[in-house]
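Chain identifiers are assigned alphabetically (A, B, ...) following the order of the sequence lines, protein sequences preceding nucleic acid strands; residue numbering begins at 1 within each chain. What you are looking at is a predicted structure, and each value in this text was computed from that prediction instead of being measured.
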Protein chains: 6
Amino acid sequence: MYELGVVYRNIHRADRIAADALQHFGAATVHEAQGRVGLLKPYMRPIQHGVAVSGTAVTVLLQPGDNWMLHVAAEQIQEGDLVIAGVTAECTDGYFGDLLATSFKARGARALIIDAGVRDVRTLNEMGFPVWSKCISAKGTIKATLGSVNIPVVCAGALVHPGDVIVADDDGVVCVPAATAARTLEAAAAREANEGAKRDKFAAGVLGLDLYKMREPLAQAGLRYID
Amino acid sequence: MYELGVVYRNIHRADRIAADALQHFGAATVHEAQGRVGLLKPYMRPIQHGVAVSGTAVTVLLQPGDNWMLHVAAEQIQEGDLVIAGVTAECTDGYFGDLLATSFKARGARALIIDAGVRDVRTLNEMGFPVWSKCISAKGTIKATLGSVNIPVVCAGALVHPGDVIVADDDGVVCVPAATAARTLEAAAAREANEGAKRDKFAAGVLGLDLYKMREPLAQAGLRYID
Amino acid sequence: MYELGVVYRNIHRADRIAADALQHFGAATVHEAQGRVGLLKPYMRPIQHGVAVSGTAVTVLLQPGDNWMLHVAAEQIQEGDLVIAGVTAECTDGYFGDLLATSFKARGARALIIDAGVRDVRTLNEMGFPVWSKCISAKGTIKATLGSVNIPVVCAGALVHPGDVIVADDDGVVCVPAATAARTLEAAAAREANEGAKRDKFAAGVLGLDLYKMREPLAQAGLRYID
Amino acid sequence: MYELGVVYRNIHRADRIAADALQHFGAATVHEAQGRVGLLKPYMRPIQHGVAVSGTAVTVLLQPGDNWMLHVAAEQIQEGDLVIAGVTAECTDGYFGDLLATSFKARGARALIIDAGVRDVRTLNEMGFPVWSKCISAKGTIKATLGSVNIPVVCAGALVHPGDVIVADDDGVVCVPAATAARTLEAAAAREANEGAKRDKFAAGVLGLDLYKMREPLAQAGLRYID
Amino acid sequence: MYELGVVYRNIHRADRIAADALQHFGAATVHEAQGRVGLLKPYMRPIQHGVAVSGTAVTVLLQPGDNWMLHVAAEQIQEGDLVIAGVTAECTDGYFGDLLATSFKARGARALIIDAGVRDVRTLNEMGFPVWSKCISAKGTIKATLGSVNIPVVCAGALVHPGDVIVADDDGVVCVPAATAARTLEAAAAREANEGAKRDKFAAGVLGLDLYKMREPLAQAGLRYID
Amino acid sequence: MYELGVVYRNIHRADRIAADALQHFGAATVHEAQGRVGLLKPYMRPIQHGVAVSGTAVTVLLQPGDNWMLHVAAEQIQEGDLVIAGVTAECTDGYFGDLLATSFKARGARALIIDAGVRDVRTLNEMGFPVWSKCISAKGTIKATLGSVNIPVVCAGALVHPGDVIVADDDGVVCVPAATAARTLEAAAAREANEGAKRDKFAAGVLGLDLYKMREPLAQAGLRYID
């Protein structure tokens, strides 16, 4: 459950090098590399195509229909952060538009991940400010009720602590805990090194059946071929 | 409830200058400017990117799986109109394709807003005919049952009267009553003038906390900063 | 109900000429041409824009969270096929990414149609490998449980037999039985020939009311015009 | 679009005898009797089983997460009314619980129909106060923003004017305009009289094929029987 | 894909004893017993509580908003059958009410399973006619377009052949192919015999960890206990 | 993000008196009493009617389609606990049936709250074992992959720590942190004491407008009455 009305100013951010390097591997590889946990639900979709980011999380807890705490969060952003926002109840309102994006960008934010709606999406795309959201809505919000900044939040079903690494691209959004970012980076790099060689073999027509030596386990599982 | 089987030929269209000018401000600003009412539900999405339109509404009430009344509506279109279609029951069929789009365009229609599906979307995009719809479906419709044209209709949860102004862009679709179009235009223009100056300040790194003088109300609401 | 653990190696593929030619007409026209049956549900969406394909179906039945049988299916692909995959239970996982796409492409597959999720979508689009899917998800799958290849499968509510023709574009995905492919091609061609002339008339401002001689049936159905 | 911040005190209520008598026929028959219009979307479900009501509508327009106007509406309730509530945006909050139900009941209200959530449902059922709603949620609401009472509202996709008759039972909710309530009552009664005789014949094993003389039209439509 | 406009009069029904006996075991056990295939999607819900049925399938393919073929199907019902209905497109209309239920019951039908809506649900429950459906809707249907009876149909994502056994209860609906009904009955009985003994042990406080000898495989999988 | 493969044996359970007493107040009052946080999403619904429970949480993290950890959790249950289960990905399978319910009950569990499906619901209701779940499904699960027990889990969008109090009834499910359970109990009791008096006044016909002194703030907000 959430602590309301607090802003934690000093958070432990994940190692900068790992946080930046994870972007290269993408959400799918990073999700595998850390044992298939930490994925936000697939309804979180990018408003742009072909963009990949990673960064350290400034977390925000919002109230339904109220974006007050996004302004509070703006002050806590440091170069290399991105903002990840949960809401205390289901809401599809457009919490974030071009003015806040201008502010976030000026403060050094790399992206917004929000479990609600955004608006001004054409301008956001023109500005090149990346957003992953639940929906798009022209409906604005008010500024009346406190939430919190930099507490652990649930966003699209995933638990995110302030300072965790967030990796987001066209495939979705993954949270990597600060404590394991370096280890996950290593695992992701090992995975990817391994994939390059496979890709060449697949392109040459080699089958996964042979490359992964699946024929025997398939036969043992009882697979029958019928002519 | 709906009157079936009628076509109102003489409708009171909103002031042309206001109807045209509102397009410039977009759905989000117009929605704010008229007090946060009149927004169609956010499941209404454009089939194209980056297009903004506004125009006066020719309304159509359709029956499920039946696009007969879209042909009846075509005759009522005047230069500067767009067509906004509700359905008497949930339906995902593709009511509208390239032939009807050709006809609508030839009659002067600027767009279609439909609480159902459309098809031939690649051709519609090539033709540059803008559509906002609930879904896309290859399934066609029949021509068997009467609905109505230019009666008040509910489209995606919003009530639209014939002649109202519709403003649609990537953020969604808003209905502005004919009677208040000029006043809403004024309010939208005032809002936007105000936003330009803010954008510059945000870009320079000024925080919303300071620009909107939020620090005191936040403290009064009980916000605590923890180092 | 499904037979599990079998691979049918010899399937009767639809006539190649019909299978290839149907791509030209698109899902909407083909769906009409065969009497409005065979459409997959409209939640099946392309991960790319503006691509149309047709081909003969290699069918796969998958288990939830398990893509083992996609590797088994790869071996059964022939030039001109596409792969169409059903799942025994609801699943949003990302079953298919760039490695399998490389393999499928090398084997001659034209596309994948899958009633589940895919990943690596940016790479898939760069490779030009077309996919229609229920969703996009970074979550990978395991290889542990048998399904089947080239049995009749249900995909997005439609029944597909191995060797049937699948036609897919921005409007959706349609299945054409192998036995009626040639007849459907003929009907589609007749439909389209008919549409060209209509398009010119609509573009010239002729109304559907007149072109389709609807005024009398509308009056008989009781339509009233009110000035 | 909606007029905000107004309460119409004098509304034209539908004829009392028709408003009360329509309850007997139920939502399905009434919907048919008035030509298949006026049905609220089927996501509107009763919180109780086996209850049927009809009454004259006091309409309320609510803001998301704010039930202030339900208190304003309470004062406008007369014996024989029910309250029907739309919301300006999607919301699942629990707007209405046992206290408001006690108040509504004391004022003579027969039911609440609300395009949002309710709570205290066990108590509401014990009190015997009927509710049809979009969902059930323990989340309460605030009292901060004006809506309106007794303006035309959209509820679950249907347009309702104050004073219209609402008929609700296990099958759903239908709106009958005040002006046509008497005529619809007559049509419903005629329909039902007709159904009693049919029910006996069906119970005796007579087929609809024969009772409705469908065999010939089915044959003409091309139906083939295969032994 | 579907064959339209045909009624197969002579279908091969599953063994009567197996078809009747499977009811005793329920959907969950039967689904397990046949290897976890054949389950209709979980959105198919009963309109009544605590009822379990099994029977041989008379299949119907319906058109959206059109229940004509349910009348055609009625004639094909024999004692011990139930009717299972698919639709060629998504539809939530109320296809079936008390009149058709009276007819179906008089013909010997045990239940209706329909991938669409039904109405008159209070009366259906009073009559004791069991129904599993996608939704409940007061909206009626027309009788205008041919479907088919006793062809293979897809219902809620599952393929059903005429004569297959359908088992339905509060947990959902399962299809058992006629050819394997006897074998599945045997497997279900074996499963259940096995469960009785387990239940007693669980009730006595024995843990599944010990009963199923899970401690070692859990330790091997790496499970760590932390005090 | 989640730690996988661990079972914490010693958890700090909330004060027993508070944990038990909160059941009396119900989810709606408790949610208000702790400041409108901690509510699970409203899609979590009881499989029974009219049951209210509260207890201390044994948390479980499950893998999709795999209920192995429910058996591990059973051993950690103490008298007065209930089990609350999250899943690492969306899943509708039936994880829990009568055998596990027998085991849980024998261990002293009061209920199961699960962000997935359950089965054997008729038997569960007959046994009187309360369940709140996302859905009901006959589909069973396997026992192959580790999750964790008694780590913080996300269930239906809410973060739950082991030992927290869970309050569940027909209105939904609320999580109360162990540390604030006593304080929340006090606030809930104060709230309810206050409501009794109000209920009597509402029953006597007093309006909320007068009881809550809303007439002046409504007028100040601009509410206009029109006769």
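Ranked by heavy-atom pairs under 4.5 Å with chain E, the first of F:G147, F:A144, F:S137 is F:S137. With chain F as partner, the option from E:L40, E:L223, E:D170, E:D210 having the largest number of non-hydrogen pairs under 4.5 angstrom is E:L223. For the options F:G140, F:A106, F:C135, F:G97, heavy-atom pairs under 4.5 Å to chain E are most numerous at F:G140. Your options are E:E195, E:E32, E:R36, and the one with the most heavy-atom pairs under 4.5 Å with chain F is E:R36. The residue among E:M44, E:R45, E:K41 with the most heavy atom pairs within less than 4.5 Å of chain F is E:R45. With respect to chain F, the highest number of heavy-atom pairs below 4.5 Å among E:G50, E:G222, E:A52, E:G205 belongs to E:G50.
Sorted by first and then second residue, the pairs that involve residues 123-137 of chain F and meet salt bridge (Lys or Arg N to Asp or Glu O under 4.0 Å), not counting sequence neighbours, are F:E90-F:K134. Screening residues 48-63 of chain F for salt bridge (Lys or Arg N to Asp or Glu O under 4.0 Å) gives no qualifying pairs among residues at least two apart or on separate chains.
With hydrogens and angles ignored, the 3.5 Å screen pairs a side-chain donor or acceptor of F:S148 with a backbone N or O of F:G5. F:N150 places a side-chain N or O within donor-acceptor distance of the main-chain N or O of F:T59, the cut-off being under 3.5 Å. A side-chain donor-acceptor contact under 3.5 Å links F:D164 to the backbone of F:H161.
Across F:A89 and F:P64, no two heavy atoms sit closer than the pair CB-CG, 4.0 Å. When all heavy atoms are compared, the tightest approach of F:D169 to F:A27 is OD2-N, 3.1 Å. Across every non-hydrogen atom of E:D115 and E:G86, the tightest pair is CB-CA, 4.5 Å. Summarising the geometry of E:A187 relative to E:A33, their closest heavy-atom pair is CB-O, 3.7 Å, with the distance given to 0.1 Å. When all heavy atoms of F:A168 and F:V173 are compared, the closest pair comes out as CB-CG2, 3.9 Å. In terms of heavy-atom proximity, E:D171 sits nearest to E:A28 at OD2-CB, 3.9 Å.
For chain E, the nearby parts of F:I136 are the backbone and the side chain; heavy atoms of each come within less than 4.5 Å. With a 4.5 angstrom heavy-atom cutoff, F:R119 touches chain E via backbone and side-chain atoms both. The part of E:V206 that comes within reach of chain F is its backbone (N, CA, C, O), which places non-hydrogen atoms under 4.5 angstrom from that chain. Of the atoms belonging to E:L211, not a single heavy atom falls under 4.5 Å from chain F. When heavy atoms are compared at a cutoff of 4.5 Å, F:L124 does not approach chain E at all. With a threshold of 4.5 angstrom between heavy atoms, E:Y43 does not approach chain F through any atom at all. Heavy-atom distances place no part of F:T123 under 4.5 Å from chain E, backbone and side chain included.
Side-chain contact between E:L62 and E:I114 is present, with heavy atoms from C-beta onward closer than 4.5 Å.
Among the residues in residues 70-83 of chain F, those with a non-hydrogen atom closer than 4.5 angstrom to a non-hydrogen atom of chain E are F:H71, F:V72, F:A74, F:E75, F:Q76. Applying a 4.5 Å heavy-atom cutoff, the residues of residues 10-26 of chain F that approach chain E are F:N10.
Salt-bridge check for F:K139 with F:D93: passed, with a basic side-chain N closer than 4.0 Å to an acidic carboxylate O. Under 4.0 Å is where a charged nitrogen must lie from a carboxylate oxygen, and between F:D98 and E:R199 at least one such pair does.
With values rounded to the nearest 0.5 angstrom, F:F96 atom CZ is found 8.5 Å from F:I47 atom CD1.
Relative ring orientation between E:F104 and E:F129 is described as perpendicular, the plane-to-plane angle rising above 60° on a 0-90° scale split at 30° and 60°.
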